[in-house]
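Notes to accompany the following structure.
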Amino acid sequence: MKYRDLQIQTQREFPSNMRTEGFGWLVRGGYMTRENEILPLGNQAIMRLQTLASQPSFFSQLALPIIANQQETFFPITTGSVEVIHCSSCGYTSRKEIAQFKKMPFSKEEQLPVEKVLTPDCNTIESLANFLSVPKEKTAKALMFTRVADNKFVFVVVRGDMQLSEAKLKKLIGDFRLATSEEIIKSGAAAGYASPIGLKDALILVDDLIPESPNLVAGANEADYHLKNTNVSRDYTAEIVADLVMANEGDACLNCESKLDLVNAELLAEENDYQFGNILYALAETHNDEKGLTFPKEAAPFDVYLMNVPSKEMDTRAKAEEIYNMLQDAGVSVLFDDRDERAGVKFNDADLIGCPTRITVGEKNLKEGMVELRPRKEKVNTLVRIENLVEEIKK
Ligand SMILES: [Zn+2]
């Protein structure tokens, strides 16, 4: 294709709304507008990626620092919209809301008798733990919902230091919403002071760490009172014991017990459903230098950036056109910069756009039957005889 056909407009400056370096280079290279619209050059890049995606080694050819599980492939980046839990030792990768981790029981101790205590204005885990001078791990957090399908009152208990994963709960019981204050009162619970002890018609779920956490402080279902030393099975029965909580940075990996990382990432693929726009971003973010983009061969929009240096004596453009046709006939994809611009302008654009090889057709070398070949990532030019050009490029 020709430079002018694609109406490429490179930019001298980074956009003022540059979110990431990759975005900045894509705008400067003429792949997209600063308003995030893909331009013809960007579409060309995406089309090449689409062709490449049919190969099983797709992601390894892109040389991206991806993290993945069997279903999803992610690209870690601080601006990413997905929170992912990742183990750098064994590679475990999961969206945060459904990630698993190895839970550490707080303590092993004898079950003690239940004791009702006055806890005025302690309707949060924080205030309760402070008031009783116990760690949050020794408290039971109560969450109350109503199942949408049958209006069943749902009571969930997780340890006070942990957060419920709504995604995990939904997998177990289907859609739910927050319980109304009427529904809470009707079940026998008291908001802010609730526990599953003595409730009517409630579906009780506890996180699987609760049976291993003896003597938790829980609500007394009466305003301003809590119960010390509550124990599931002895004091109430849970219909479902399951993993219900969110993994966090620093938790132990379920596979290898290493510390888990929490990273922001963009989704690149879900099974064979590829997000090509995000893949282009990831490539630009990963493959660039101080002059522009440096796409790997397989992922570049074109194999070759071909340019002529306009001159008065010889028609370098006509010679470059011949080379353009020769390369295309040989199956090499070429971006032909046939503009009437100074060499320096074209060199800059070639660096910004980042095709793996630049070929320069100039008068001096043409007289010797040669053109200049320069790999994008190297600083050395080589002179190649025109008849050997195809062979050299395909190396
Ligand atoms: Zn691990």
Side-chain angles (χ1 to χ4, degrees), residues 14-39 41-43 45-50 52-53 58-88 90-101 162-171 175-178 243-251 253-254 259-288 293 295-296 299 301:
F14 281 111
S16 54
N17 63 337
M18 187 164 93
R19 300 185 297 273
T20 65
E21 221 186 341
F23 170 74
W25 285 122
L26 286 172
V27 172
R28 287 194 60 190
Y31 287 82
M32 63 194 307
T33 67
R34 45 169 294 167
E35 287 78 27
N36 234 347
E37 282 170 68
I38 300 278
L39 291 166
L41 180 60
N43 279 325
I46 287 173
M47 271 161 52
R48 274 209 123 182
L49 293 172
Q50 284 168 336
L52 196 67
F58 177 46
F59 277 115
S60 61
Q61 296 191 67
L62 303 184
L64 295 174
I66 52 167
I67 54 177
N69 55 43
Q70 295 204 310
Q71 284 78 41
E72 294 177 303
T73 304
F74 299 99
F75 175 71
I77 182 164
T78 50
T79 53
S81 57
V82 187
E83 285 192 309
V84 176
I85 290 284
H86 178 65
C87 174
S88 54
C90 74
Y92 174 77
T93 300
S94 170
R95 284 177 183 261
K96 184 184 184 210
E97 62 268 24
I98 53 167
Q100 294 183 301
F101 63 103
M162 296 190 170
Q163 279 92 44
L164 171 72
S165 160
E166 297 197 348
K168 290 178 180 177
L169 180 60
K170 188 177 168 178
K171 265 193 178 174
D175 286 327
F176 58 86
R177 57 170 172 80
L178 285 175
D243 174 28
L244 287 167
V245 297
M246 204 90 96
N248 273 306
E249 169 113 35
D251 284 337
C253 174
L254 194 62
K259 272 192 178 4
L260 293 168
D261 297 322
L262 175 63
V263 294
N264 281 82
E266 284 300 349
L267 180 68
L268 300 188
E270 204 172 340
E271 311 238 335
N272 289 327
D273 183 8
Y274 296 101
Q275 308 285 320
F276 288 104
N278 286 349
I279 295 172
L280 185 60
Y281 267 120
L283 283 165
E285 195 65 30
T286 308
H287 303 293
N288 64 65
L293 295 160
F295 286 125

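Note that the structure is predicted; figures quoted are calculated from it, not measured. All residue numbers refer to positions in the sequence shown, counting from 1.
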Quiz prompt | Closest heavy-atom pair and its distance - K168, A99 | solution = NZ-O, 2.7 Å
Quiz item: Going through the distances and angles, do V263 and I85 end up as a side chain to side chain contact (heavy atoms under 4.5 Å, CB included)?
Solution: CA-CA 6 Å; V263 294; I85 290 284; over 6 Å; no
Quiz item: Taking the side chain from K259 and the backbone from C87, do they hold a donor-acceptor pair closer than 3.5 Å?
Solution: no
Quiz item: Say you draw a straight line from CG of L49 to CE of M47; how long is it, rounded to the nearest 0.5 Å?
Solution: 11.0 Å
Quiz item: What's the shortest heavy-atom distance between H287 and P296, and which atoms?
Solution: CD2-CD, 3.4 Å
Quiz item: To the nearest 0.5 Å, what is the distance between CD (E83) and CG (N248)?
Solution: 9.0 Å
Self-check item: G29 versus L41, closest heavy-atom pair with distance
Solution: O-CD2, 3.4 Å
Identify every side-chain donor-acceptor pair in residues 61-79 under 3.5 Å, counting partners at least two apart or on other chains, and give the distances.
{"residue": "Q61", "atom": "NE2", "partner": "Q55", "partner atom": "OE1", "Å": "2.7"}
{"residue": "Q61", "atom": "NE2", "partner": "S57", "partner atom": "OG", "Å": "3.1"}
{"residue": "N69", "atom": "OD1", "partner": "Q71", "partner atom": "N", "Å": "2.9"}
{"residue": "N69", "atom": "OD1", "partner": "E72", "partner atom": "N", "Å": "2.7"}
{"residue": "N69", "atom": "ND2", "partner": "T93", "partner atom": "O", "Å": "3.0"}
{"residue": "E72", "atom": "OE1", "partner": "R95", "partner atom": "NE", "Å": "3.3"}
{"residue": "E72", "atom": "OE2", "partner": "R95", "partner atom": "NE", "Å": "2.8"}
{"residue": "E72", "atom": "OE2", "partner": "R95", "partner atom": "NH2", "Å": "3.0"}

Quiz item: Taking all atoms of both residues into account, what is the closest heavy-atom pair of S81 and E266, and its distance?
Solution: OG-OE1, 3.1 Å
Self-check item: Within residues 58-70 or reaching into it, pairs that qualify as salt bridge (Lys or Arg N to Asp or Glu O under 4.0 Å) - sequence neighbours excluded
Solution: none
Quiz item: With no hydrogens and no angle check, is any side-chain donor or acceptor of N288 less than 3.5 Å from a backbone partner on L293?
Solution: no
Quiz item: What pair of heavy atoms forms the shortest contact from F23 to R34, and how long is it?
Solution: CZ-O, 3.5 Å
Exercise. Show your reasoning for whether side chain to side chain contact (heavy atoms under 4.5 Å, CB included) applies to M246 and E97.
Key: CA-CA 6 Å; M246 204 90 96; E97 62 268 24; 4.2 Å; yes
Exercise. Starting at CE of M32, measure out to CD1 of I38 and round the result to the nearest 0.5 Å.
Key: 4.5 Å
Quiz item: Just by modelled atom types, is the Y92 backbone N or O under 3.5 Å from a matching donor or acceptor in the H86 side chain?
Solution: yes
Exercise. Using atom types as modelled and distance alone, determine if a side-chain donor or acceptor of D243 lies under 3.5 Å from a backbone N or O of Q100.
Key: no
Quiz item: Would you say D261 and S88 make side-chain contact, with heavy atoms under 4.5 Å?
Solution: yes
Practice problem: Could you go through the ring-ring contact (aromatic ring centres under 6.0 Å, His included) check for Y31 and W25 one step at a time? | Solution: CA-CA 9 Å; Y31 287 82; W25 285 122; over 10 Å; no
Listed pairs under 3.5 Å, donor-acceptor, residues 268-282 side chains, sequence neighbours left out:
{"residue": "N278", "atom": "ND2", "partner": "L267", "partner atom": "O", "Å": "2.9"}
{"residue": "Y281", "atom": "OH", "partner": "R19", "partner atom": "NH2", "Å": "2.8"}
{"residue": "Y281", "atom": "OH", "partner": "N36", "partner atom": "OD1", "Å": "2.6"}

Practice problem: Could you tell me whether the side chain of V245 reaches within less than 4.5 Å of the side chain of F101, counting heavy atoms only? | Solution: yes
Quiz item: Which pair of non-hydrogen atoms, one from A284 and one from F295, has the smallest distance, and what is that distance?
Solution: N-CE2, 4.2 Å
Quiz item: Are the side chain of S165 and the backbone of L244 linked by a donor-acceptor contact shorter than 3.5 Å?
Solution: no
Quiz item: Any side-chain heavy atom of L169 within less than 4.5 Å of one from L164?
Solution: yes
